[in-house]
Student: 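Next up is a structure, given as structure tokens.
Since the structure is predicted, the reported quantities are computational estimates derived from the model, not experimental observations. We name chains A, B, ... by the order of the sequence lines, and we start the count at 1 in each one. Heavy atoms only: backbone and side chains are in, while hydrogens, waters and symmetry mates are out.
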Amino acid sequence: MKLWLKIAVSVWLTAVIIAGIAFPMMRVPETWYHFPFIPGLEEKARNIIFHVPISWATVVAFVMSMIYGIIYLKKKDIDYDLRSVSSASLGLLLCVLATVTGAIWAKFNWGSFWNWDPRQTSIFILLLIYGAYFVLRSAIDEEERRATLSSVYSIIAGVTVPFFIFVMPRIMSGLHPGSLGDEQGKGPVLEFKMATNMLMVFFASLIGFTVLYFWMYTLKVRQMRIERHVQQITDSQ
Amino acid sequence: MIALTSYHIFVKEFVSEFRTRYALNALLMFVVTTLSIILFSIGQESPSSDVLSGTLWIVIFFSAMSGLSRTFVAEEERGTSLTLRLLVNANAVYIGKLLYNFALILVLSLIIAVAYLLFINEFGVKTYEIFWLTILLGSAGLASASTILAAIIAKANTKGTLFPVLAFPILLPLLLTCINATKLATEGAFLAEAMQEFQILISFTVVMIATSFLVFDFVWKD
């Protein structure tokens with residue numbers, strides 16, 4: 001990644017975090033930096049600027065890992081496996097963060113840390129899939145075999161994910177906005193009555209976290225390449 | 001051609017199974033053990049049908065997990081996988097093993113279901129059509145997902161514990177839908193009311209088989 005982009009992301013995300021935490025919430029917004037007061041969410045609404053982009057980045061990481069897995073199966077170049085596993089390990093980190101920020105939010109808005117809401121359940125499944133993926137990887141010694149089998153597993157796991165979208169709402173009613181049975185918001189999470197300035201900060205955060213993910217991803221890939229190189233040298237000696 | 005070869009693979013699985021009857025005997029004992037644990041733990045209580053339809057699928061899931069992984073692992077243990085790879089088309093191997101797994105799990109879940117109905121009096125099924133269809137489609141779904149996973153874990157080092165760990169997140173939508181459909185059967189719903197559950201089960205099975213078909217070559221030829 002280019003140096004200017006790294007500096008830009010750092011400044012960008014710092015601004016987003018400051019805006020997200022420090023902009024006051026007013027019942028009647030007067031200037032551009034006043035967030036409106038959302039009934040029911042109150043100050044807790046700030047979490048949307050952090051929790052939702054992290055969850056989004058989790059999904060991006062998972063999809064990227066799966067795509068690189070597919071490319072690996074086609075080209076049989078071990079570098080794609082390094083990319084796939086780098087993305088997956090970042091995805092696991094982001095998934096834990098999304099779960100924790102979500103659980104904290106749930107505690108203060110819905111009354112308990114865990115409610116088995118459909119979306120909480122799907123993030124839990126995603127955690128299980130990531131966990132199983134790494135368990136599978138650690139159970140295979142041979143490099144190429146490990147790459148092939150874990151790619152296959154991530155594809156198999158990837159195709160079951162859409163089923164949760166249909167299955168979960170039938171099992172349990174949702175608490176997230178946009179769930180079945182939620183009258184006001186029919187669409188996804190963004191259907192919130194968010195004011196323009198809050199929406200701007202939200203999208204800025206979305207972009208910021210996505211670019212941050214790519215930065216971390218490139219670092220992780222480089223680290224994995226070096227580790228593999230060192231391993232090869234020590235093996236040959 | 002592929003159909004004939006798959007049939008031969010299917011027959012081969014049966015013949016090699018009935019030579020030792022290891023899997024079948026072990027699985028029957030597993031079913032007896034788990035069912036008696038459930039009976040002991042229920043004791044004098046009368047749990048609701050909701051809870052009992054959940055435990056029914058727990059029993060089916062874990063007996064499937066202990067039985068279905070054998071198909072490919074046994075091949076590696078006996079050292080016959082190389083011969084099979086040389087002689088037979090990979091797709092035929094997949095279809096043959098899938099059919100065998102399906103037959104095995106269907107027989108197994110039928111035994112479990114009948115035993116469940118006989119021994120657990122609180123478990124009253126009102127719509128038998130829904131119940132048996134759920135057992136049939138659920139078995140197909142379990143077989144579809146676990147065949148490819150069995151092929152994966154046959155190549156790994158620690159085979160025993162890995163299978164349920166890998167299978168659980170993938171099979172969860174299937175299990176939840178099966179439990180839901182079983183609940184409907186105990187509540188006495190009409191067959192049409194369970195249609196959506198059946199649609200989910202069928203599409204899950206189709207998607208799983210189609211995906212496995214695409215990726216099986218990579219696992220098998222590895």
Student: Looking at Leu128(A), Ile140(A), Leu149(A), which makes the most heavy-atom pairs under 4.5 Å with chain B?
Tutor: Leu149(A)
Student: Between Thr211(B), Val215(B), Leu166(B), which has the largest tally of heavy atom pairs under 4.5 Å with chain A?
Tutor: Leu166(B)
Student: Go through the atoms of Phe168(B) and report whether side chain, backbone, both or neither lie under 4.5 Å from a heavy atom of chain A.
Tutor: side chain
Student: Only one of Asn180(B), Thr177(B), Thr182(B) forms a side chain to side chain donor-acceptor pair (under 3.5 Å) with Glu197(B), so which one is it?
Tutor: Asn180(B)
Student: Tell me which one of Lys75(A), Arg137(A), Arg145(A) satisfies salt bridge (Lys or Arg N to Asp or Glu O under 4.0 Å) with Asp81(A).
Tutor: Arg137(A)
Student: Are Ile17(A) and Phe50(A) packed together at the side-chain level, in the sense that at least one heavy-atom pair is separated by less than 4.5 angstrom?
Tutor: yes
Student: side-chain contact (heavy atoms from CB on, under 4.5 Å) with Leu142(B): which of Thr147(B), Asn101(B), Leu171(B)?
Tutor: Leu171(B)
Student: Is chain A contacted by the side chain of Leu214(B), its backbone, both, or neither, given a heavy-atom distance below 4.5 Å?
Tutor: neither
